[in-house]
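So the structure is just underneath, and the comments pick up after that.
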Amino acid sequence: MSIRTANEADLPRLIELMAQLRPDEPEAEDPSCVEDYARVLARMTAQGQSVLVAEDDGRIAGALVLAIVENMVVDEAARGKRLGEALIEQAIVEAQRAGCYKLSLTSNKRRTEAHRFYERLGFVQTHEAFRIDL
């Protein structure tokens, strides 16, 4: 297993993984829009955010967006291999290196297994999250 920063070549696989976060919304992540995702990745990088990927046997099996941890996903077929834990640990290292004083994340209320995972890693639920889709 290895953890690294994502690059543009990773986008098709990242799009596949992000779709697993919203299985009830098949149109949520459109693989035909790689160029749109490339622009978003470039903008995020310019703003100091990063996307980390976990590779297992040479294939991207997990990812997270580092700023506020969001869209963390590990492929259903690769769960149980501690890839998610490795992603979070690396996110903590990078956040500390950047001088951050905390690391926050959001998780859908329906993802109760993910909540137990985050709590096991030391995260504490402190807020209710709100958003508006534009």
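Throughout, residue positions are numbered sequentially from 1 according to the sequence presented.
Of the charged side-chain nitrogens involved, at least one lies within less than 4.0 Å of a carboxylate oxygen, so that Arg39 and Asp36 count as a salt-bridged pair.
At a threshold of 4.5 Å between non-hydrogen side-chain atoms, the residues Phe117 and Arg79 do not count as touching. Under the 4.5 Å side-chain criterion, counting only non-hydrogen atoms from C-beta, Gln49 is not in contact with Leu66.
Under the 4.5 Å side-chain heavy-atom criterion for ILVMFWY residues, a single connected hydrophobic cluster contains both Leu17 and Tyr37.
Scanning for side chain to side chain contact (heavy atoms under 4.5 Å, CB included) contacts around Gln96 gives Ile92, with sequence neighbours left out. Residues meeting the side chain to side chain contact (heavy atoms under 4.5 Å, CB included) test with Glu128, sequence neighbours left out: Lys109, Gln125, Phe130. Listed by chain and residue number, Glu55 satisfy the side-chain hydrogen bond (donor to acceptor under 3.5 Å, both in side chains) test with Ser2 (two or more places apart in sequence, or in another chain). For Ser107, the side-chain hydrogen bond (donor to acceptor under 3.5 Å, both in side chains) partners at least two apart in sequence or on another chain are His115. For the side chain to side chain contact (heavy atoms under 4.5 Å, CB included) test, residues two or more places apart in sequence or in another chain that qualify with Leu41 are Leu11, Thr45, Val51. Take Arg110 and apply the salt bridge (charged side-chain N to carboxylate O under 4.0 Å, His left out) test, not counting sequence neighbours, and it matches Asp24. With sequence neighbours excluded, the residues forming a side-chain hydrogen bond (donor to acceptor under 3.5 Å, both in side chains) with Glu85 are Arg82, Arg120, listed by chain and number. Considering only residues two or more places apart in sequence or on other chains, Asn7 meets the side-chain hydrogen bond (donor to acceptor under 3.5 Å, both in side chains) condition with none of them. Ala86 pairs by the side chain to side chain contact (heavy atoms under 4.5 Å, CB included) definition with Met1, Ile3, not counting sequence neighbours.
Applying side-chain contact (heavy atoms from CB on, under 4.5 Å) to Asp75 and the options Arg13, Glu16, Lys81 leaves one that passes, Arg13.
Nearest approach of Ala63 to Met18, heavy atoms of both residues: CB-CE, 4.3 Å. In this structure, Leu105 and Ile68 approach most closely via the heavy-atom pair CA-CG2, 4.0 Å. Residues Leu21 and Asn71 come closest through the heavy atom pair CD1-CA, 3.4 Å. Nearest heavy-atom pair, Gly62 versus Leu87, reported as atom, atom and distance to 0.1 Å: C-CD1, 3.6 Å.
Put simply, CD1 on Ile88 and CG on Leu83 are 12.0 Å apart, with the number rounded to the nearest 0.5 Å.
Checking side-chain atoms of Arg4 against main-chain N and O of Leu52 turns up no donor-acceptor pair under 3.5 Å.
Counting non-hydrogen atoms of other residues, nucleotides and ligands closer than 6.0 Å to CD of Glu70 gives a total above 12.
The salt bridge (Lys or Arg N to Asp or Glu O under 4.0 Å) contacts involving residues 86-96 comprise nothing, where partners must be two or more places apart or lie in separate chains.
Connectivity analysis of hydrophobic side chains (ILVMFWY, heavy atoms under 4.5 Å, direct or indirect) links Val93 to nothing; its cluster partners are none. Using a 4.5 Å cut-off between side-chain heavy atoms of Ile, Leu, Val, Met, Phe, Trp and Tyr, Leu134 falls into a hydrophobic cluster with Ile132.
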